[in-house]
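Below is one structure, written out as structure tokens; comments come after it.
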Amino acid sequence: MGLFDAFRDVGVLAWLREGRQSRRLILLIVFIALLLDNMLLTVVVPIIPSYLYTVDDEAAAAVRNHSISSNSPSGTFQTIVSLYDNSTRLTNLSPQVGTPTVTPALTPTPTPTPNTSNCRKADDQLLNENVKVGLLFASKATVQLITNPFIGPLTNRIGYQIPMFAGFCIMFLSTIMFAFSSSYALLFVARSLQGVGSSCSSVAGMGMLASVYTDDEERGNAIGIALGGLAMGVLVGPPFGSVMYEFVGKAAPFLILAVLAVLDGALQLFVLQPSKVEPESQKGTSLITLMKDPYILIAAGSICFANMAIAMLEPALPIWMMETMCARKWQLGVAFLPASISYLIGTNIFAVLANKMGRYEGNESLSPPLISLCSVPFAKDIYGLILPNFGVGFAIGMVDSSMMPIMGYLVDLRHVSVYGSVYAIADVAFCMGFAFGPSAGGAIARSIGFPWLMTIIGVVDILFAPLCFFLRNPPANEEKMRCRETCVCYKKT
């Protein structure tokens, strides 16, 4: 035991124990949690459309083969080639009749040339995948949307540690289900289950950061770094999933994510001590009151409509690439790489610039980059998608890195400084974009086409952007203003 105690007092365990109250270590935990959650969110983007198409195609082929074999007459057939007219005759040697019966001549048909291309034509089956994949992708955000209003007030009562650890456990279970599920129903359950885990991790994580970083500038920088984990997950997920699916198999990327999730859970167990209940010291503003605040609604709307753009792209773009570009499996994920890189750049750059130029400017300046949405359908190959996707990712990164800190700032300015409920609203807005986006996007792409889908969401974002002028100088709550004036006068005396 002496050797074990000596080992415990040095190295990583001692560092973790001493750093339990460290803000940087808490930031690291939130960063990793958002990274893994969004890797699981996006790793399925290139896998699911191709996998479901393959499963449905194999099922349809099996049905066709079964119907052909059941409709063929009984008996033994022999083929006779006539040298007179080069026709083919089939003789039926029935077991009951000893004399062969000659069937009428068959019209010679040309042998179909096998299709060696990877291109999948725009048949009904491929178009139907838009709706199925859209509903599957939207299930996670829909469940998260329903769960968030309960998680926010729960964090006010029991603290952030237990919901954060519960999110890890649920995400691990969802990852294992993704690895070994082979039917649409089980994949749907796995995606929905991920929504519960994401709700716990994102609401508790953002609330924890807002509570330990009380200064507005420091909070903005910390949330920008945490969103960098989200951006890295979005960045790594699609290409990682497509390459592993192409060259290793469907289960491989999910098993790797499961191992990383276990390591993150161990870190949370040592640092956060999720067995302890630590409620907030003061009662926070109710969720209904926060939802009636027009400034919070504008910030939440910005998060919703901006993320709806990429949410509509996720199910529709891979299917459109399969239809028009004959894209291979690994290309379906690499197409999202420019958007992910620019999102990472946007979140980190604008988290620093926001305090100098004003955070509302992040939403006002999203309009020109989001115009690139309309140019996505005009790309002729995967290289033509680089610039439009880069603009989309950069714009969304600017919005997220500016609006997330504003949510905490609005609570400090106009309400009680307890952050679980307001970040539940922020996550609800995020989920509304990812719930409505894939489900509606798949249906719109099927009915009027992919180009019109991109045009519609681009115009909606541009029309919403002027509302962000109201966030330039939001008024403070009268009681808080009086409290601040009293505190200033007391300090002067």
Side-chain angles (χ1 to χ4, degrees), residues 19-31 33-34 152 155-156 159-161 164 202-231 271-272 278 280-285 290 293 295-296 299-300 302-303 346-363 397-427 468 471-477 479-492:
R20 276 173 181 160
Q21 303 302 321
S22 171
R23 299 191 302 176
R24 292 184 178 180
L25 202 53
I26 293 175
L27 177 58
L28 175 64
I29 291 174
V30 177
F31 179 92
L34 293 179
T155 59
N156 297 338
Y160 302 108
Q161 290 84 354
M164 192 81 177
S202 57
V203 173
M206 287 298 175
M208 192 183 303
L209 289 180
S211 63
V212 298
Y213 288 92
T214 55
D215 181 72
D216 183 54
E217 183 175 354
E218 289 184 345
R219 180 186 298 159
N221 294 334
I223 291 180
I225 294 172
L227 290 176
L230 186 152
V271 176
L272 299 182
E278 297 180 0
E280 291 286 350
S281 57
Q282 55 184 340
K283 184 179 180 181
T285 307
L290 293 176
D293 191 321
Y295 298 93
I296 291 178
S302 303
I303 297 171
T347 52
N348 283 276
I349 289 180
F350 205 77
V352 178
L353 295 179
N355 291 292
K356 298 179 180 179
M357 59 183 292
R359 290 197 176 99
Y360 83 100
E361 297 284 356
N363 272 19
M398 294 169 67
V399 174
D400 287 352
S401 62
S402 58
M403 290 299 106
M404 286 296 185
I406 276 185
M407 299 294 273
Y409 172 72
L410 289 173
V411 167
D412 287 339
L413 189 66
R414 299 170 56 82
H415 304 280
V416 181
S417 299
V418 177
Y419 307 100
S421 295
V422 76
Y423 282 108
I425 294 175
D427 207 44
C468 299
L471 297 177
R472 186 173 187 175
N473 190 20
N477 183 281
E479 293 183 2
K480 284 213 164 188
M481 288 295 294
R482 287 197 298 267
C483 181
R484 287 185 178 183
E485 291 174 357
T486 304
C487 292
V488 170
C489 295
Y490 178 77
K491 287 181 179 179
K492 287 182 179 179

- [ ] Could you grab the distance from atom OG1 of Thr155 to atom CD of Gln161, nearest 0.5 Å is fine?
- [x] 10.5 Å

Task: Ser302 OG to Leu471 CG distance, which is reported to the nearest 0.5 Å - done: 6.5 Å

Least distance between heavy atoms, [X] atom then [Y] atom:
X	Y	result
Gly229	Phe31	N-CE1, 3.1 Å
Ala222	Leu27	O-CD1, 3.4 Å
Gly152	Ala424	CA-CB, 3.9 Å
Met208	Tyr160	CE-CB, 3.5 Å
Arg219	Asp412	NH1-OD2, 2.7 Å
Ile406	Ala299	CG2-CB, 4.2 Å

Open item on the list: Show, in sequence, the C-alpha distance, side-chain angles and deciding distance for Met206 and Val422, and conclude whether the side-chain contact (heavy atoms from CB on, under 4.5 Å) test is met.
Closed with: CA-CA 10 Å; Met206 287 298 175; Val422 76; over 6 Å; no

TODO: Evaluate side-chain contact (heavy atoms from CB on, under 4.5 Å) for Leu410 paired with His415, printing each intermediate quantity in order.
DONE: CA-CA 7 Å; Leu410 289 173; His415 304 280; 5.8 Å; no

Open item on the list: Looking at Arg414 and Pro475, would you say the former's side chain and the latter's main chain have a donor-acceptor pair under 3.5 Å?
Closed with: yes

Open item on the list: Tell me if a side-chain donor or acceptor on Tyr423 pairs with a main-chain N or O of Gly205 at a distance below 3.5 Å.
Closed with: no

- [ ] Report the residue from Leu209, Ile303, Asp427, Val399 that forms a side-chain contact (heavy atoms from CB on, under 4.5 Å) with Met404.
- [x] Ile303

Task: Step-by-step side-chain contact (heavy atoms from CB on, under 4.5 Å) determination, Met407 to Ile223 - done: CA-CA 11 Å; Met407 299 294 273; Ile223 291 180; over 6 Å; no

